[in-house]
K.L.:
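This structure is in structure tokens; I'll ask about it shortly.
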Amino acid sequence: MTTNNEPIQWKTTIIVSKSLKNHEASRTLGAQQHRIRFSDNVESGVIVFPSSGTAFLFIDPQEFPEDLEGSGLFEKIETFVQVHRNSFLLLLTPLYGKRELDTLLAIQHRFFGSNLRILPVRNNAELLKGMLTIAKATGKPHADRIQDWLSLTRAHVIESSPVWEMLRDTKPH
């Protein structure tokens, strides 16, 4: 039995690229009792949360040369965005120097208007926190609860707002 002060343990199935089998993120997710499925069918560096329909691609700018055009980075991201409708790029940059900011800017310009969302993270803890928060918030039943809460909040604001009250009282001419 949980009390109001104890968080409810959230567990889900996660599909992880075999290239991340020895990555700290995979080990941490396993330690949190999530059901991890390693797959060769998922692109290198990708983690997928089937319950929420979200996919995350890990990119470390240090892995790519200065010239991003010829590095294959954009092609890898393009393939990722085409395969996954709800896609997030986790840009792992412990320090934000000129090179990291140039990489972020180049990716933003190249994929502006696409369904790719970019989340810069400084370390594995931020990477996991961001990924789990997004996956949990977009998956059922949490997304339904958030939608219900937003509807109740909206109704409350409309009911108690003096502006809405004034608008209701005025009669159109």
Side-chain angles (χ1 to χ4, degrees), residues 1-64 71-96 100-101 103-104 107-108 111 114-156:
M1 185 170 135
T2 62
T3 64
N4 289 342
N5 296 335
E6 295 177 18
I8 297 172
Q9 184 68 21
W10 180 67
K11 297 176 189 175
T12 190
T13 299
I14 304 169
I15 301 170
V16 180
S17 165
K18 277 202 175 173
S19 67
L20 296 173
K21 192 168 191 157
N22 295 320
H23 193 276
E24 182 182 337
S26 299
R27 290 190 301 271
T28 304
L29 289 169
Q32 292 176 355
Q33 304 302 310
H34 294 287
R35 293 174 296 284
I36 308 295
R37 305 288 182 256
F38 292 101
S39 175
D40 285 327
N41 297 331
V42 177
E43 305 92 37
S44 174
V46 173
I47 292 183
V48 178
F49 288 79
S51 63
S52 66
T54 55
F56 299 87
L57 172 63
F58 296 173
I59 295 290
D60 185 347
Q62 303 304 321
E63 295 175 4
F64 296 96
S71 68
L73 173 64
F74 292 139
E75 292 78 13
K76 181 176 183 168
I77 297 171
E78 185 69 40
T79 301
F80 173 69
V81 170
Q82 288 174 356
V83 170
H84 303 284
R85 184 176 39 115
N86 202 3
S87 54
F88 293 85
L89 176 74
L90 298 169
L91 191 62
L92 185 59
T93 54
L95 301 171
Y96 293 103
E100 290 79 14
L101 292 175
T103 301
L104 176 61
I107 294 169
Q108 286 176 328
F111 294 95
S114 73
N115 63 334
L116 179 70
R117 268 90 84 228
I118 303 168
L119 184 63
V121 293
R122 290 181 294 203
N123 53 44
N124 283 317
E126 282 186 5
L127 181 141
L128 285 166
K129 183 177 180 182
M131 188 171 55
L132 290 171
T133 300
I134 291 167
K136 185 176 180 180
T138 56
K140 290 190 176 275
H142 300 284
D144 294 339
R145 269 192 235 136
I146 291 169
Q147 186 65 36
D148 292 344
W149 179 78
L150 288 172
S151 295
L152 287 171
T153 302
R154 180 177 177 265
H156 176 70

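The first residue of the sequence shown is numbered 1, and numbering continues consecutively from there. Because the structure is a prediction, the values reported are computed rather than measured.
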K.L.:
Grab the two heavy atoms, one from Ser52 and one from Thr54, that are nearest each other, plus how far apart they are.
P.N.:
OG-OG1, 2.8 Å
K.L.:
Do Ser17 and Ser44 have side-chain atoms, one donor and one acceptor, less than 3.5 Å apart?
P.N.:
no
K.L.:
Do Ser51 and Thr13 make a side-chain contact, defined as non-hydrogen atoms from C-beta onward lying under 4.5 Å apart?
P.N.:
no
K.L.:
For Ala25 and Phe58, which heavy atoms make the closest approach, and how far apart are they?
P.N.:
CB-CE1, 4.0 Å
K.L.:
Out of curiosity, Leu127 CG to Ile47 CD1, how far, rounded to the nearest 0.5 Å?
P.N.:
7.0 Å
K.L.:
In terms of heavy-atom contacts, does CZ of Arg35 have more than 12 from other residues, nucleotides or ligands at under 6.0 Å?
P.N.:
yes
K.L.:
Check whether any side-chain heavy atom of Phe88 sits under 4.5 Å from a side-chain heavy atom of Ile134, and report yes or no.
P.N.:
yes
K.L.:
State which residue, out of Ile77, Leu104, Leu90, fulfils the side chain to side chain contact (heavy atoms under 4.5 Å, CB included) condition with Ile118.
P.N.:
Leu104
K.L.:
Compute the centroid of each ring, for Phe56 and then for His84, and state whether the two points are separated by less than 6.0 Å.
P.N.:
no
K.L.:
Where is the tightest heavy-atom contact between Ser39 and Ile15, given as atom of each residue plus distance?
P.N.:
CB-CG2, 3.9 Å
K.L.:
Asn115 side chain to Arg85 main-chain N or O, any donor-acceptor pair under 3.5 Å?
P.N.:
yes
K.L.:
I'd like to know if the side chain of Ser114 and the backbone of Phe111 have a donor-acceptor N/O pair within less than 3.5 Å.
P.N.:
yes
K.L.:
Is there a donor-acceptor contact under 3.5 Å from the side chain of Ser87 to the main chain of Val81?
P.N.:
no
K.L.:
Would the distance check show the side chain of Glu126 and the main-chain N or O of Arg122 forming a donor-acceptor pair, the cut-off being under 3.5 Å?
P.N.:
yes
K.L.:
Indicate yes or no for a side-chain donor-acceptor contact from Ser26 to the backbone of Asn22 under 3.5 Å, with no hydrogens or angles considered.
P.N.:
no
K.L.:
Checking Lys18 against Phe38: charged group under 6.0 Å from the ring centre and within 45 degrees of the axis?
P.N.:
no
